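Following: one structure in structure tokens, then a few remarks.
Computed from a prediction, not measured in an experiment: that's the story for all the values here.
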Amino acid sequence: MEQLIPLDYASLRLIWWALLGALLVGFAVMDGFDLGVATVLPLVAKEDVERRVVINVVGPVWEGNQVWLITGGGAVFAAWPLLYASSFSSFYLAMMLLLIALILRPVAFKYRSKMPSRQWRRAWDAVLCGCGFIASLVFGVAVGNVIVGIPFGFDAVTMRPLYQGNFFDLFTPFPLLCGLLSVCMLAMHGSALLFWKTDAAVAMRARRSGILFALAALLLFALGGWWAAHGLVGFSITSVIDPEQVSNPFSKKVVLSAGAWFTNYSRWPAMWIAPALGLGGAAVVALALALRAQAAAFIASSLCVTGIVLTFGFSIFPFLLPSSLSPDASLTIWDASSSRLTLWIMLLVTGLLLPIVALYTGWVYRVLRGTVTQKSLGDSPHAY
């Protein structure tokens, strides 16, 4: 059967690494502004009607945007089973915290306007804001922990992943920096969307918060890069890699060295476009908001988010989940994937369905284009 597959194993692994990156970028850009809008809700909306305006900017689309996360999880489960098992074991309690936030978020959307009580609505608004902040923080902390390495290994007999840390070990200084960067980045993204999609006082407050969060994201991203270059050890493979080999995480030799996460940028200089997008995008967001350029601010914000996510992926390539406990057991794209046949079948399905999803998403956003105002809420019986 595998003789009929036109792509070799190495190419399929690279393609699925790229597709996983695309899904992460899609989630960060699309659902990222939902989380950012929730995070800045108390900063940009003071009255109940203003909070309703903010909520209705993302209310009709957040469910579709969250599909990016579900699809990404499914892709990891099917294309990278060792990564799925190891990461979910290592981040189990953090995943539970994230799930609680993502479960309570739709509850807050649906229930906050069910009663006219001021206390009732303020309570659900606080839940919505807290869920946006917690989810943004946990995503960033998870990325930071991947960069510093996860203390996991494998049982020599059963190949069962074994995590040697605890929940509080995840919140060390560098991962916390990444968590704050994630919060500021998504808050900037949500503020840029609100400045574009609202008017009057809400838009002006969103403009001010967007400038502050853009500058904060710029400084935190630059600080994270400096820290990774001068204060962190990275992982590098010193043995010969056979990209066609059957997945086996113990088939390589890995060493830790300072500055190793910057090796790829010397080897492939084109990768510098990612951190340039991250830094430049944040600066352009602040400038565009200051100049009241609505569409430009949101486009720059999307490019900034894309650049920061790609910087993470490019920096750790070909690693997927480095192990600080047993570096040789670190997972890479060459030793953590499903079989060649599985990757090929998944690629065919993805090639068929992904364009349909993209076209449908584009149609939805076209239908929902326009500004959300207090008047439009009164004209719509379906508004939150």
Side-chain angles (χ1 to χ4, degrees), residues 23-24 26-43 45 51 54-77 83-115 117 119-146 150-152 161 163 165-172 175-187 189-190 305 309 321 384:
L23 290 172
L24 290 177
F27 168 71
V29 172
M30 303 299 290
D31 202 32
F33 63 65
D34 296 337
L35 298 175
V37 166
T39 301
V40 301
L41 176 62
L43 300 178
R51 289 192 288 271
V54 171
I55 290 171
N56 278 277
V57 169
V58 296
V61 298
W62 72 265
E63 290 175 289
N65 292 339
Q66 193 163 287
V67 171
W68 286 93
L69 177 62
I70 299 170
T71 305
V76 171
F77 173 77
L83 172 63
Y84 182 89
S86 302
S87 60
F88 275 64
S89 298
S90 303
F91 297 130
Y92 184 79
L93 290 179
M95 291 284 187
M96 293 303 298
L97 179 62
L98 176 63
L99 283 175
I100 291 173
L102 293 180
I103 289 171
L104 286 177
R105 181 173 64 151
V107 176
F109 274 122
K110 300 296 184 182
Y111 277 84
R112 65 92 55 196
S113 295
K114 294 295 184 182
M115 294 177 61
S117 167
Q119 290 77 12
W120 171 271
R121 295 190 173 193
R122 283 188 173 274
W124 283 115
D125 290 339
V127 169
L128 187 60
C129 175
C131 290
F133 176 83
I134 290 172
S136 302
L137 181 70
V138 171
F139 281 124
V141 167
V143 167
N145 275 280
V146 172
I150 307 297
F152 78 95
Y163 177 63
N166 60 60
F167 174 74
F168 296 102
D169 289 339
L170 299 175
F171 296 89
T172 53
L176 280 175
L177 172 68
C178 294
L180 291 176
L181 170 60
S182 176
V183 171
C184 292
M185 175 185 74
L186 299 183
H189 197 36
V305 173
V309 175
L321 194 68
Y384 287 102

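Put simply, the side chain of T39 gets close to the backbone of L35: a donor and an acceptor are under 3.5 Å apart. S90 places no side-chain N or O within donor-acceptor distance of the main-chain N or O of Y163, the cut-off being under 3.5 Å. A donor-acceptor pair is defined here as one N or O able to donate and one able to accept, closer than 3.5 Å; no such pair exists between the side chain of D31 and the backbone of D34. Judged purely by atom type and a 3.5 angstrom limit, H189 uses its side chain to pair as donor or acceptor with the backbone of V29.
Of the inter-residue distances, the one linking L104 atom CG with C131 atom SG reads 4.5 Å to the nearest 0.5 angstrom. In this structure, Q66 CD and R105 CZ are separated by 4.5 Å, a value rounded to the nearest 0.5 Å. To the nearest 0.5 Å, the span separating CG on L137 from CG on L180 amounts to 6.5 Å. With rounding to the nearest 0.5 Å, the separation of CG in L93 from CG in N166 is 9.0 Å. Rounded to the nearest 0.5 Å, atoms SG (C129) and CZ (R51) are 11.5 Å apart. Taking CZ of R122 as the start and OG of S117 as the end, the distance is 11.0 Å to the nearest 0.5 Å.
Scored by the side chain to side chain contact (heavy atoms under 4.5 Å, CB included) test, M115 finds W120 as partners (sequence neighbours excluded). Residues satisfying the side-chain hydrogen bond (donor to acceptor under 3.5 Å, both in side chains) criterion with N145, sequence neighbours excluded, are absent altogether.
Counting non-hydrogen atoms of neighbouring residues, nucleotides and ligands closer than 6.0 angstrom, the CZ atom of F77 reaches no more than 12 such neighbours. Other residues, nucleotides and ligands place no more than 12 heavy atoms under 6.0 Å from the OH atom of Y92.
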Candidate pair L128 and R112, rule side chain to side chain contact (heavy atoms under 4.5 Å, CB included), full reasoning: CA-CA 9 Å; L128 187 60; R112 65 92 55 196; over 6 Å; no
Steps toward side chain to side chain contact (heavy atoms under 4.5 Å, CB included) verdict (I134, L98): CA-CA 7 Å; I134 290 172; L98 176 63; over 6 Å; no
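Contact record, A28 with L186: O-CD2, 3.9 Å, taken as the closest heavy-atom pair. Taking both residues in full, the closest heavy atoms of G140 and C178 are given as O-CB, 3.2 Å, listed atom of the first, atom of the second, then distance. Summarising the geometry of G132 relative to A38, their closest heavy-atom pair is CA-CB, 4.1 Å, with the distance given to 0.1 Å.
Separation of the F88 and Y84 ring centroids falls under the 6.0 Å cut-off.
For the pair E63/P106, no side-chain contact is recorded, criterion being any heavy-atom separation below 4.5 Å from C-beta on. Taking the side chain as every heavy atom from C-beta outward, F33 and N65 approach each other to under 4.5 Å. Side-chain contact between D125 and I55 is present, with at least one heavy-atom pair separated by less than 4.5 Å. Side-chain contact between L321 and F152 is present, with heavy atoms from C-beta onward closer than 4.5 Å.
Aromatic ring pairs are classed by plane angle as parallel below 30°, tilted from 30° to 60° and perpendicular above 60°; the pair F27 and F139 is perpendicular.
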